[in-house]
Amino acid sequence: MALETVRGVCPHDCPDTCALLTTVEDGVATEVRGNPDHPMTAGVLCTKVSRYTERTYHPERVLTPLRRTGPKGAGQFEPVSWDQALDDIATRLTAIAAKDPQAIVPYSYAGTMGLVQGESIAARFFHRLGASLLDRTICASAGGEGLLHTLGGKVGMRVEFFAESRLILIWGSNSIASNLHFWRLAQQARRAGAKLVCIDPRRTETADKCDEHVQLQPGTDAALAFALMHELIANDWLDHDYIARHTQGWEALRERALQWPPQRAAQVCGVPADQIRSLARDYGTMKPASIRLNYGMQRVRGGGNATRAIACLPALTGAWRYRAGGLLLSNSGRFPARREYLQRPDLLAGRQPRTINMSTIGDDLLRPASPGFGPRIEALVVYNSNPVAVAPESGKVVQGFAREDLFTVVLEHFRTDTADHADYVLPATTQLEHWDIHATYGHTDVLLNRPAIAPVGQALTNTEIFRRLSARMGFTDPCFQEDDLSLCRAAFGDAVDFERLMSQGYAPLPVPEAPFAEGGFPTPSGRCEFFSDRLARQGLDGLPDHVPNHETPGSSARYPLAMISPPARHFLNSSFVNVKSLRDIEGEPVLEISAEDAAARSIVSGSVVRVFNDRGQYHCKAVISARARPGVVNGLGIWWRKLGLQRTNVNELTSQKLTDLGRAPVFYDCLVDVQAL
Ligand code: SF4
C-alpha cells in the first residue's frame with residue numbers, strides 16, 4: 001500500500017487558517033488532521049474540517065459539468081462534456097461582451113481563502129473582459145474601514161501573545177465556535193490568572209466559559225466603548241505620554257467621550273451602569289489588557305464607527321506598549337501579497353467598469369438598465385460563494401437568480417441553492433486537490449497547500465476553468481496560462497521564503513512582538529487616529545460616534561424583536577450544511593428566544609415558528625434559551641434554503657441596507673416578530 005502524508009492549509013473563512021496533514025492511502029485521502037508542528041494549529045482542527053474527507057468524497061459532489069434542463073431554481077440538469085460547456089459559455093459571454101462587458105458580473109468571496117484559487121486567473125479573466133467589478137463587502141469591510149481610519153490598516157496584536165494578557169475582552173466573537181485556536185490561548189492566559197470578559201448580545205458558548213458576560217443590545221458597541229472611555233478619563237486611567245506621542249485628535253475625542261457617562265450608555269446598551277463601570281476599572285487597571293474583536297459586532301449600520309471607537313481604547317491606556325496588550329481584529333494587512341501581479345488590473349487597459357456591491361445583488365439583479373446603473377446584468381459567474389443562501393434579503397436574490405434571461409455559471413463542489421439556479425454548474429476541485437497559498441487574518445504565517453489527491457471526477461481547479469475559458473475567448477496574453485505552482489511562488493515574491501514553504505508548509509512573517517509600542521501606526525499621520533482627516537475630507541465625521549441601527553430595537557410596534565443571525569457552531573457560513581454528520585449535530589434551523597418573549601407569544605420550546613417582517617418570513621424551530629436576551633432572537637445560520645423548512649433561510653428577513661463605512665451588509669440590524677404555528 002502506498003501511504004503518504006501531504007501538507008496543506010484549511011481554506012475556509014476562519015481566522016485560524018490551520019495547517020493540515022492529509023493521509024493518503026493508494027491515492028485516496030483517508031484522514032485530515034491538524035499539523036502538530038505548526039504553532040497556531042498545534043495539531044488540532046475544528047469538528048467541521050476534521051470531517052474533510054466526508055466532504056471531499058461526498059456522494060452528492062458535482063463530478064461533471066452540468067447543463068440546465070428545467071426551470072431556473074428547479075435543480076434539473078444533464079451532464080455535458082467540458083468542451084460542450086466551455087464552448088457554450090464562451091459563446092454566450094462573448095455575445096454579451098460585444099454589447100457591453102459590464103453586463104457580465106463576477107461574484108465570488110471566501111469559499112476558499114486561497115490567493116490562487118480565489119482571485120488570480122479569474123480576476124485576470126474578468127479584467128481582460130472589462131466585466132463589472134465586484135465590491136467584496138459581505139463580511140468584513142465595515143470593520144476593515146474602521147481599522148483603516150484608526151490604526152491605518154488591518155493590523156493588530158500578534159495572536160500568540162494573548163496567552164500572556166491579564167485581561168482579555170472577547171468582543172463580538174464566539175471564539176469557541178469560530179476562532180478555536182485563539183480560545184486555546186485565552187484559556188492559557190486564564191490558567192495564568194487572566195480575566196476573560198465576553199461582550200456579545202448572545203450568551204454564546206464562549207460567554208458561558210468567560211468570567212463575565214456583557215450582554216449588550218445588538219448595534220450598541222460604540223456606546224459601550226465611549227462609556228469605557230468616559231470612565232478611563234474620569235478616573236485618569238490614561239497613559240498621557242502615549243496619547244501625547246502616538247495619537248491624533250485626543251482633545252476632540254475626550255470631549256465626545258465625556259458625553260457618554262455609564263448611565264447613558266447603560267440605557268442604550270441595555271446593561272447595568274455598574275457593570276460598565278467595573279469593566280472600565282478592569283480595563284484601566286489590569287495590565288496588559290487586550291481586545292479580541294471579531295466581525296460579528298460590525299454587521300450593523302454603525303459597524304464601522306463602532307470598530308473605530310473600540311480601536312481607540314488601547315491607545316488611551318497605552319496597552320500597545322506590551323506585546324500582550326492592544327487589539328486584534330485582523331492582521332491580514334501584514335501580508336505583502338502581490339495582488340496586482342496575481343489579478344492584473346492593468347488588463348483593464350484604461351477602462352473603468354462600474355462596481356457592483358455584492359451585498360445588494362438582490363436589488364441589482366432586478367434593476368433595469370439606466371444611465372446611473374449602466375446595463376442590466378445579463379450574466380453572472382459565481383465562484384467561491386453561495387449568494388442565494390448568504391446574501392441579504394434573499395427573497396429578492398432568489399427572484400433575481402430566477403430571471404430566465406440571466407445567464408448564470410456556477411463553479412462549485414455541490415448543488416447549492418445558487419447552483420440550482422445556474423445554466424451551467426462546473427465541478428471545481430476542493431482544497432485536497434489543488435495547489436494554493438494562503439495569507440490569514442488571525443495569525444501571521446503564510447501557508448502553502450499542496451494537492452493531496454488527484455481531482456475527484458472531472459473536477460478542475462478554478463484557475464484551469466478560467467484558463468480554458470480565456471483560450472476560447474481569444475485572450476492570448478501568456479498570463480492566462482500561468483500554472484498554479486508559479487502563481488503560488490509569485491504570490492509573495494521574495495517577501496516569503498518559498499523553499500521553506502515547500503519543505504515545512506508554513507513560514508512566519510517578520511512582525512514585531514509589540515508592533516505599536518513606539519507608535520508607528522500605518523496611518524497618514526503615523527499616529528493612532530482618533531480623528532481621521534481622511535474621513536473628514538470625505539465629508540464624514542472625523543471622530544468615531546455611536547451610530548444607531550437602521551432598525552433600532554424598540555422603534556417598531558409591529559416588529560418588537562431584534563434578530564441577529566450568528567453562525568451555527570458546526571457550519572461555516574453556508575459551507576458544511578450538506579455534510580450529514582455535521583447537519584445531524586445541528587438538527588434543524590433554530591431560533592433561540594428568551595422565556596419571556598416565548599411566553600408572550602405562547603411559543604413552546606421545540607415547536608415550529610414563523611419569523612417574519614416586511615421583507616419575508618422564515619420557518620424554523622424555536623428553542624427557549626438563556627442564550628437569547630429578552631427582546632433579541634438569535635436565528636442561527638446559515639442553512640441552505642433547500643435543507644431548511646419551507647425552503648427558506650434566515651436571510652429572508654435581513655435587509656440590503658448598508659453600514660456607515662465600508663458599504664457592508666447589516667445582517668444583525670434587523671427587526672422581526674415571531675409567531676407560534
Ligand atoms: S475552519 Fe478554522 S478552526 Fe477549523 S480547521 Fe479551518 S482554520 Fe482551523
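Each ligand, and each atom within it, is numbered from 1 in the order the structure gives.
Counting heavy atoms closer than 4.0 Å to ligand 1, residue L20 contributes nothing at all.
When every heavy atom of N634 is checked against every heavy atom of R627, the shortest pair comes out as ND2-O, 3.1 Å.
In this structure, M563 and L653 have side chains that are in contact, with non-hydrogen atoms separated by less than 4.5 Å.
Counting only heavy atoms of the protein, atom 5 (S) of ligand 1 lies nearest to V49 CB, 3.4 Å. Residue, atom and distance of the protein heavy atom nearest to atom 6 (Fe) of ligand 1 are C10 SG, 2.3 Å. Summary of contacts: the protein heavy atom closest to atom 8 (Fe) of ligand 1 is C18 SG, 2.3 Å. The shortest contact between atom 2 (Fe) of ligand 1 and any protein heavy atom is with C14 SG, 2.3 Å. In terms of protein heavy-atom proximity, atom 4 (Fe) of ligand 1 is nearest to C46 SG, 2.2 Å.
A salt bridge links R641 to E652: one of the charged nitrogens lies within less than 4.0 Å of a carboxylate oxygen. One finds a salt bridge joining R124 and E482 here, because a Lys/Arg side-chain nitrogen approaches an Asp/Glu carboxylate oxygen to under 4.0 Å.
In this pair, W640 and F414 present their aromatic rings tilted. The plane angle is within the 30 to 60° band.
With a 6.0 Å cutoff to the six-membered ring centre and a 45° limit on the axis angle, R158 does not count as a cation-pi contact of Y322.
In this structure, T17 has a heavy atom closer than 4.0 Å to ligand 1.
Below 4.0 Å from some heavy atom of H181 lie the following atoms of ligand 1, by number and element: 3 (S), 8 (Fe).
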